[in-house]
Protein chains: 2
Amino acid sequence: MNQETPQLHLENQLCFPLYAASRLMTKMYAPLLKELDVTYPQYLVLLVLWQNGEQTVNAIGSCLLLESNTLTPLLKRLEQKELLVRSRAQHDERVVLVKLTPSGQALKEKAVSIPQQIANLFSDVDLKEEDYATFEKTLAQLVLVLKERSQEV
Amino acid sequence: MNQETPQLHLENQLCFPLYAASRLMTKMYAPLLKELDVTYPQYLVLLVLWQNGEQTVNAIGSCLLLESNTLTPLLKRLEQKELLVRSRAQHDERVVLVKLTPSGQALKEKAVSIPQQIANLFSDVDLKEEDYATFEKTLAQLVLVLKERSQEV
DNA sequence: TAATTTTAAATCGCACACGATTTAATCGTA
DNA sequence: TACGATTAAATCGTGTGCGATTTAAAATTA
């Protein structure tokens, strides 16, 4: 069809492979997360809580680049599952503290094997160690740059 | 906090940087796409139509890795904006053909500058040409592998 | 040909994302 | 101490994504 504007071809965009990879990767996690009865974004919140313990909605958001408009409903769902509790901070009533329940903490034991299970799904992929290292590093750099850019008002 | 399970640390996941990069990248496009009055997924559909011309819902979906459950409502919105028309194929009434309207075709002229504008936003980023090439190649490989895996039933 | 299976979209329900606004608490300053 | 500005969550509305199901048409097969 249109050969005059290759810059608009799907395969020449950086954005699309990122969008595709992100969604496909999430789908790989789906069957594993089903065992935990959580969604992928809920899993990310749990990762943050397992790693850093009790913290504010904003703190979780700054880890995951999400805001209260997304987090509040998500946290309410995790609260309904009794994986965490939300409470107003005493020293500042604006702040909501999020803390794992014992059952939320315990769920970590079921989650520890997930990274290895995901890695196993890639075990047969022939990818140069070196190229993968470059990939991870460049991706991290990209995220950093994008974060900077998005904060510029 | 928890030093015993580094495999669950956010920074050690591959999935999270992909998720973050995808969302941040979409946000970079937002102000440019606002000029066209389309969303990012709508823009992707237009890219496919500009590139390949009239085609079925399934064909668009296989380019973008989306299915009719996502595409049908999205295409209806683009139809309401009069950027495209949907019609049943005569030879097979199950199939819906999607075709740009003149105004949908014309919108391409406003879109051609977008890739360059995005590139300009990265112009000051110090990234080795070579590393970026490796990055793009590895990302494309990753998407291929993930596509294969997701098709395995 | 008639019954069964397959296929393409559409529909449904739920859970994100996110821009924009609102609410309530705290801060900063005159 | 008032009072406007700032801050943290919550709320609201729209638009995806996607698993699951439904609908209707076409293909296959008994």
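Quick note on labels: first sequence line is chain A, next is B, and so on, each numbered from 1. Atom set for the values below is all heavy atoms of this structure, side chains included, hydrogens, waters and symmetry mates excluded.
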Shared ILVMFWY cluster between A:Leu127 and A:Leu24, side chains joined below 4.5 angstrom? yes

All pairs passing ring pair (Phe, Tyr, Trp, His ring centres under 6.0 Å) where residues 82-114 of chain A contributes a residue, at least two apart: none

Closest to the A:Gln42 side chain: D:dA25, C:dA24, C:dC16? C:dC16

If you take all heavy atoms of A:Gln7 and B:Val112, which pair is closest and at what distance? NE2-O, 3.6 Å

Checking contacts here: which listed nucleotide (C:dT26, D:dA27, D:dG17) is nearest the side-chain heavy atoms of B:Arg94? D:dA27

Taking only Lys NZ, Arg NE, NH1 and NH2, and the carboxylate oxygens of Asp or Glu, determine whether A:Asp124 and B:Arg149 approach each other closer than 4.0 Å. yes

Is any side-chain N or O of A:Thr39 closer than 4.0 Å to OP1 or OP2 of C:dC16? yes

Determine: side-chain N/O of B:Asn58 to OP1/OP2 of C:dA9, distance under 4.0 Å, yes or no. yes

Is there a residue in residues 14-30 of chain A whose heavy atoms reach under 4.0 Å of DNA chain C, and which residues are they? none

Would you mind classifying the nucleic acid contact of A:Arg77 as base, sugar-phosphate or nothing, using non-hydrogen atoms under 4.0 angstrom? sugar-phosphate

Consider only side-chain heavy atoms of I, L, V, M, F, W and Y, link residues closer than 4.5 Å, and tell whether A:Leu32 and A:Leu44 are in one cluster. yes

When you measure from the side chain of A:Asp92, which nucleotide among D:dA25, C:dC18, C:dT26 comes out closest? C:dT26

How do B:Lys81 and B:Leu66 order along DNA chain D: which one's closest nucleotide is nearer the 5' end? B:Lys81

Ionic contact status for B:Glu79 with B:Arg86, cut-off 4.0 Å: yes

If only side-chain N and O atoms count, and only distance matters, is there a donor-acceptor pair under 3.5 Å linking B:Lys108 with A:Thr5? yes

On DNA chain D, nearest-nucleotide positions of B:His91 versus A:Leu97: which is more 5'? A:Leu97

Please list, for nucleotides 10-13 of chain D, all pairs of protein and nucleotide N/O atoms separated by less than 3.5 Å.
residue	atom	partner	partner atom	Å
D:dA10	OP1	A:Arg86	NH1	2.8
D:dA10	OP2	A:Thr72	OG1	2.4
D:dA10	N7	A:Ser68	OG	2.7
D:dT11	OP2	A:Lys76	NZ	2.7

Are B:Leu10 and A:Leu144 grouped together when hydrophobic residues (ILVMFWY) are joined by side-chain heavy atoms under 4.5 angstrom apart? no

